[in-house]
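Reviewing the structure listed below.
Residue numbering restarts at 1 for every chain, and letters A, B, ... go by the order of the sequence lines. Values reported hereafter were calculated over all heavy atoms of this structure, with side chains retained and with hydrogens, waters and symmetry mates removed.
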There are 2 protein chains.
Amino acid sequence: MANTEDPLSITFAALADPTRRAILTRLARGEATVGELGEPFEMSAPAISKHLRVLEGAGLIAREVDARWRICRLRPEPMHDAHDWLEAYRRHWEGNLDRLVEFVERTHRAKAAKPARSAPRAPRKKP
Amino acid sequence: MANTEDPLSITFAALADPTRRAILTRLARGEATVGELGEPFEMSAPAISKHLRVLEGAGLIAREVDARWRICRLRPEPMHDAHDWLEAYRRHWEGNLDRLVEFVERTHRAKAAKPARSAPRAPRKKP
DNA sequence: CTGTCGATTAACCAAGTGGTTAATTGATGG
DNA sequence: CCATCAATTAACCACTTGGTTAATCGACAG
């Protein structure tokens, strides 16, 4: 199922692992071989190889073969897209407006019996 | 294993599904009941319930019970953290500097036999 | 009390994930 | 030629995930 997923899902899934994020952090400092990337982790080589396959599948890294070594480089473009998606929610966490609205609403609810909620939701008819 | 994961991994994993991202997008417009959230999707109610559980586990939504309805609200703070993590890579996708370096390096390699690569990687001794 | 409605839980399934060890491939060097 | 080294592939395992249908729970309305 993951293979048929959209790019953004694949990107987020690839980022949802601390080992892979650490590998990306390492690669942000410069290219590295597979052995160098795996060295900090108490993990077998095939496990690292699989993580790199996931990162490559997400387009987050590129591998280039150099004799017996595979040189890995960061490909940050998918991160850009993920960043952009999150950016749309920035106003929701910036400023206290939302929290204030929420607080006022909750206080109101505590005093009134069945206070009306904020606008966008369609009014439920209670038959 | 996922239950013992760090908050950032849980957040990214929750975002790695188009249905859940659509639910968050809907909630950015305002609170909604579970039924309203599930209505756009050709999916059973339990499936929606599970998605909401994942989102709640990631701290991305909060559910409040109102009679027989569950009112869902966006909790954007974890997105802020994810956004922050990605922000650190901004310089890698902004500007053509990296792509230029890469191009020059590749061109150089095509001409020279075994050109030295960029600095940060430890030099591999070929015994 | 009983039926209904919103929502969740239970039980199950197919497929994916993250890890292992063992075997394999390719390039290097004695 | 042969041993070695970097890395991947193969085969396997435990566990998670995303979905289903059937059963359950709690709040209302007659």
**OP:** For residues A/M79 and B/W85, determine if any side-chain heavy atom of one lies less than 4.5 Å from a side-chain heavy atom of the other.
**Re:** yes
Original post:
Taking the side chain as C-beta and beyond, is there a heavy-atom pair between A/M43 and A/H51 under 4.5 Å?
Top reply: yes
**OP:** Enter the inter-axis angle for the ends of the helix from C/dC1-D/dG30 to C/dG30-D/dC1 (five pairs per end, rounded to 10°).
**Re:** 0°
Original post:
Rounded to the Å, how far apart are B/E39 CD and C/dC5 P?
Top reply: 17 Å
Original post:
Rounding to a whole Å, what distance do you find between B/H51:NE2 and C/dA7:P?
Top reply: 16 Å
Original post:
Do any side-chain nitrogens or oxygens of B/S44 fall under 4.0 Å of OP1 or OP2 in D/dG19?
Top reply: no
Original post:
Hey, does the side chain of A/T25 reach the backbone of A/R21 with a donor-acceptor pair shorter than 3.5 angstrom?
Top reply: yes
Original post:
In chain order, what residues pass the salt bridge (Lys or Arg N to Asp or Glu O under 4.0 Å) check against A/R63, with sequence neighbours excluded?
Top reply: A/E56
Subject >> Test item: A/I71 and A/V34 side chains (from C-beta on) under 4.5 Å apart, heavy atoms >> reply: no
**OP:** Indicate for each nucleotide in nucleotides 6-12 of chain D, in 5' to 3' sequence, whether protein heavy atoms under 4.0 Å reach the base (B), only the sugar-phosphate (S), or nothing (-).
**Re:** SSBB-B-
Subject >> pair A/I61-A/L24: side-chain heavy atoms closer than 4.5 Å >> reply: yes
**OP:** Figure out the CD/C1' separation between A/E5 and D/dG18, and round it to whole Å.
**Re:** 10 Å
Original post:
If you measure from the Lys or Arg side-chain nitrogens to the Asp or Glu carboxylate oxygens, is any gap between B/E94 and B/R91 under 4.0 Å?
Top reply: no
Original post:
C/dT21 C1' sits how many Å from A/E42 CD, rounded?
Top reply: 18 Å
Original post:
Can A/E64 and A/R70 be counted as an ion pair, charged N to O under 4.0 angstrom?
Top reply: no
Original post:
Rounded to the Å, how far apart are B/D17 CG and D/dG19 C1'?
Top reply: 11 Å
Original post:
Rounded to whole angstrom units, what separation is found between the CG atom of B/L55 and the P atom of D/dT17?
Top reply: 13 Å
